[in-house]
Amino acid sequence: MIKTMRNPVRGPATLIACLLLFTGCGTFHPLERGGEADGLPTAPGLSEDVSFASNVKPILSQCAVCHGSGAGGWTYGGGATAYVEARTVVDPGDPAASLLLAKASGAVSHGGGAPLPSTGTKYATVLTWIEDGALDN
Ligand code: HEC
């Protein structure tokens with residue numbers, strides 16, 4: 001008969017290690033970097049705090065200057081259909097690679113330059129919104 005040896009320390013130790021792993025590392029939140037005084041929340045703590053209507057839409061309003069008329073194949077008027085328009089260039093499965101961010105940050109050559117540099121708070125806000133599933137919130 002096989003006797004299973006059970007180390008009495010192992011159970012609790014594993015549990016503590018798991019707890020430390022989850023609480024100790026936490027989740028890095030891009031908005032905690034802050035830095036830009038543009039009136040946007042810099043440290044909401046919870047990613048749920050990023051809303052399309054309140055945070056993302058105001059940032060994207062500057063894109064409408066060119067994209068309102070469909071420049072470069074992306075139509076973004078920033079009005080009532082803003083969310084639907086924004087979602088066409090957003091990929092929640094690969095947030096940072098979303099065409100919206102790649103173009104707006106200039107990571108991919110963009111006719112409109114780099115209005116949202118990847119080091120800025122606006123970029124971080126939009127990225128967090130996409131990472132959260134790019135919801136119509
Ligand atoms: C000064 C005008 C201008 C502004 C402002 C501008 N863009 Fe553009 N954008 C262009 C032009 C021109 C193109 C087409 C050439 C290219 O792909 O770079 C383009 C292309 C794009 C594309 C690619 C569309 C496609 O289907 O290939 C995306 C996405 C995009 N822009 C996003 C943005 C976002 C997001 C903003 C605002 C943060 C923005 N743009 C602001 C001029 C602009």
Side-chain angles (χ1 to χ4, degrees):
M1 182 182 182
I2 301 167
K3 200 178 173 192
T4 33
M5 293 289 287
R6 190 168 184 277
N7 181 344
V9 179
R10 197 166 154 206
T14 308
L15 182 67
I16 290 167
C18 286
L19 284 173
L20 284 174
L21 196 70
F22 279 103
T23 57
C25 300
T27 47
F28 171 71
H29 198 280
L31 289 179
E32 282 168 5
R33 282 202 301 255
E36 283 178 15
D38 55 7
L40 290 164
T42 50
L46 294 171
S47 51
E48 285 80 14
D49 291 347
V50 178
S51 130
F52 178 76
S54 306
N55 307 109
V56 176
K57 201 173 161 186
I59 292 172
L60 298 184
S61 63
Q62 62 187 297
C63 315
V65 176
C66 298
H67 290 284
S69 54
W74 180 46
T75 302
Y76 184 82
T81 55
Y83 175 75
V84 176
E85 292 165 345
R87 281 298 260 111
T88 62
V89 285
V90 157
D91 180 8
D94 196 354
S98 293
L99 196 56
L100 186 150
L101 284 176
K103 285 284 179 179
S105 67
V108 171
S109 169
H110 177 217
L116 307 183
S118 62
T119 50
T121 305
K122 290 176 179 177
Y123 178 96
T125 299
V126 177
L127 177 62
T128 301
W129 169 69
I130 300 172
E131 285 172 345
D132 287 351
L135 305 175
D136 188 6
N137 55 1

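Quick caveat, the model's predicted, so the values are computed rather than measured. Residues take their numbers from the sequence shown, with the count starting at 1. Ligands are counted one by one from 1 in listed order, and the atoms in each one are counted from 1 as well.
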Region of Cys63 that comes within reach of ligand 1 [heavy atoms, distance under 4.0 Å]: both

Nitrogen or oxygen of Ala104 less than 3.5 angstrom from that of ligand 1: no

N or O contact, Lys103 vs ligand 1, cut-off under 3.5 Å: yes

Minimum heavy-atom distance Ala97-Ala102, with the two atoms named: O-CB, 4.4 Å

Side-chain donor or acceptor of [X] paired with backbone N/O of [Y] under 3.5 Å:
| X | Y | result |
| --- | --- | --- |
| Trp74 | Glu85 | yes |
| Ser98 | Asp91 | yes |
| Thr81 | Gly78 | no |
| His67 | Gly70 | no |
| Tyr83 | Ala134 | yes |
| Asp136 | Phe52 | no |

Which ligand 1 atoms, with their elements, are less than 4.0 angstrom from a heavy-atom of [X]?
| X | value |
| --- | --- |
| Cys66 | 1 (C), 2 (C), 3 (C), 4 (C), 5 (C), 42 (C), 43 (C) |
| Gln62 | 5 (C) |
| Trp74 | 24 (C), 30 (C), 32 (C), 33 (C), 34 (C), 35 (C) |
| Leu116 | 38 (C) |
| Ser109 | 18 (O) |

Selection from Ala86, Gly73, Gly72 by shortest heavy-atom distance to atom 27 (O) of ligand 1: Gly72

Identified side chain to side chain contact (heavy atoms under 4.5 Å, CB included) counterpart of Lys122 within the set Leu116, Leu60, Leu127: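 Among the candidates, only Leu116 passes.
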
Under 2.8 Å: N/O/S of His67 next to atom 8 (Fe) of ligand 1: yes

N, O or S atom of His110 closer to atom 8 (Fe) of ligand 1 than 2.8 Å: yes

Atom 43 (C) of ligand 1 [closest protein heavy-atom partner, distance rounded to 0.1 Å]: Gly112 CA, 3.3 Å

Nearest protein heavy atom with distance in Å, relative to atom 11 (C) of ligand 1: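 Looking only at protein heavy atoms, the one closest to atom 11 (C) of ligand 1 is Gly111 CA, 3.8 Å.
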
Inter-residue atom distance Asp49.CG - Asn137.CG, 0.5 Å rounding: 10.0 Å

